[in-house]
Amino acid sequence: MEKSSEKGNGVVATAATTRSPMALMGPSSRNGNEEEANTSMRTAETMLRLVPMALGVAALVVMLKDSQSNEFGSVSYSDLGAFRYLVHANGICAGYSLLSAIIAAMPRPSTMPRAWTFFLLDQMLTYIILAAASVSTEVLYLANKGDSAITWSAACGSFSGFCHKATTSVIITFVTVLCYAALSLVSSYRLFTKFDAPVNYTSKTIETTVFHG
């Protein structure tokens with residue numbers, strides 16, 4: 001009887017020692033790892049949202065200071081609607097980036113309304129800033145090359161300083177577009193991996209009638 005009890009104890013001890021490390025760690029350690037991962041992701045997203053804010057402010061300031069006067073006349077960014085739109089778009093995007101970074105930095109659980117709001121606003125701001133950069137690029141092309149069909153003469157030969165600053169602002173804006181494209185991917189991934197679609201589609205069967213001759 002003593003030998004059998006010793007064997008039983010040995011089996012229990014062996015079973016206890018062969019348990020996996022994850023089982024010995026328990027759920028508390030797994031929860032801690034998940035919290036650390038969420039904190040790291042939240043920090044990365046916050047920094048990613050602050051980058052386009054800095055870029056938008058830089059592009060806005062460069063364009064606001066873009067004016068030149070010489071013997072041929074004077075020109076300013078406010079004379080061209082595309083450049084005015086670029087300034088407004090960068091200002092809106094910079095403000096949104098700051099606000100969204102503050103919200104993303106808050107340690108709150110992600111909810112469906114919040115995820116959908118970030119997804120839609122990121123998409124909308126991406127198209128707004130992309131349109132501003134594209135239209136301004138077209139104006140710069142006309143300023144450099146001109147268009148004889150509409151009697152638009154090349155102006156950058158006479159106002160090279162103005163064109164250089166405008167080009168710098170447009171390049172910074174395109175970098176902002178890339179940042180917003182990355183943010184759109186992040187927000188869409190977070191939305192569609194954690195939450196289902198708001199409308200559940202039910203499969204419908206189509207009944208066919210078979211006619212026998």
Side-chain angles (χ1 to χ4, degrees), residues 45-105 113-191:
E45 182 181 359
T46 302
M47 296 303 297
L48 184 60
R49 291 186 178 278
L50 288 175
V51 171
M53 182 202 70
L55 293 172
V57 171
L60 183 150
V61 171
V62 171
M63 188 61 77
L64 284 176
K65 293 183 177 181
D66 193 11
S67 61
Q68 185 179 0
S69 299
N70 53 29
E71 65 274 11
F72 298 101
S74 61
V75 62
S76 174
Y77 84 95
S78 58
D79 297 330
L80 298 169
F83 291 166
R84 292 198 303 270
Y85 174 58
L86 184 76
V87 169
H88 295 155
N90 276 294
I92 293 171
C93 289
Y96 168 73
S97 296
L98 178 60
L99 180 61
S100 63
I102 294 174
I103 297 174
R114 177 178 173 180
W116 271 104
T117 300
F118 271 121
F119 171 73
L120 294 176
L121 289 178
D122 288 346
Q123 295 286 330
M124 183 176 66
L125 270 295
T126 300
Y127 288 114
I128 288 175
I129 198 68
L130 177 61
S134 301
V135 173
S136 298
T137 301
E138 182 180 1
V139 172
L140 278 175
Y141 177 82
L142 291 174
N144 279 281
K145 302 296 183 180
D147 191 347
S148 58
I150 58 175
T151 65
W152 185 303
S153 59
C156 287
S158 303
F159 299 96
S160 58
F162 175 81
C163 291
H164 288 326
K165 285 186 178 181
T167 303
T168 302
S169 181
V170 171
I171 291 174
I172 297 174
T173 304
F174 271 113
V175 178
T176 307
V177 172
L178 296 178
C179 292
Y180 269 102
L183 284 173
S184 298
L185 292 176
V186 171
S187 59
S188 60
Y189 175 80
R190 176 169 296 177
L191 173 63

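When a residue number appears, it is its place in the shown sequence, counting from 1.
With 3.5 Å as the limit, one finds no donor-acceptor pair spanning the side chains of Ser136 and Tyr85.
Side-chain atoms of Ser76 and Asp79, non-hydrogen and from C-beta on, do get closer than 4.5 Å to each other. At a threshold of 4.5 Å between non-hydrogen side-chain atoms, the residues Pro52 and Leu183 count as touching.
Remark: side-chain polar atoms of Thr126 are paired, donor with acceptor, to backbone N or O of Tyr180 under 3.5 angstrom. For Arg84 (side chain) and Ser78 (main-chain N/O), a donor-acceptor pair under 3.5 Å exists by modelled atom type. Using modelled atom types, no side-chain atom of Arg190 and backbone atom of Phe118 make a donor-acceptor pair closer than 3.5 Å. Checking side-chain atoms of Asp122 against main-chain N and O of Phe119 turns up no donor-acceptor pair under 3.5 Å. Between the side chain of Asn70 and the main chain of Ser158, a donor-acceptor pair closer than 3.5 Å is present. Put simply, the side chain of Thr168 gets close to the backbone of His164: a donor and an acceptor are under 3.5 Å apart.
A pairwise comparison of heavy atoms in Leu140 and Ala166 identifies CD2-CB, 3.7 Å as the closest pair. When all heavy atoms of Leu86 and Ala133 are compared, the pair lying nearest together is CD1-N, 4.1 Å. Annotation for Gln68 and Gly161: closest pair OE1-N, 3.3 Å, computed over non-hydrogen atoms. Nearest approach of Phe159 to Gly73, heavy atoms of both residues: CE2-O, 3.6 Å. The two residues Met53 and Ala94 come nearest to each other via the heavy atoms CG-O, 3.4 Å. Taking each heavy atom of Ala101 and Thr46 in turn, the nearest pair found is O-CG2, 3.7 Å.
Rounding to the nearest 0.5 Å places OG of Ser187 at 9.5 Å from CG of Leu121. Note that CZ of Arg114 and OG1 of Thr117 are 10.0 Å apart. Values are rounded to the nearest 0.5 Å. To the nearest 0.5 angstrom, Arg49 atom CZ is 11.5 Å from Cys179 atom SG. The CD atom of Glu45 lies 10.5 Å from the CD1 atom of Ile103; values are rounded to the nearest 0.5 Å. Annotation: the span from Leu55 atom CG to Ser97 atom OG amounts to 9.0 Å, rounded to 0.5 Å. Note that OG of Ser184 and CG of Leu120 are 10.5 Å apart. Values are rounded to the nearest 0.5 Å.
Among Val62, Ile129, Leu60, Leu130, the one residue that satisfies the side-chain contact (heavy atoms from CB on, under 4.5 Å) test with Thr173 is Ile129.
No more than 12 heavy-atom neighbours from other residues, nucleotides or ligands sit within 6.0 angstrom of CE on Met47.
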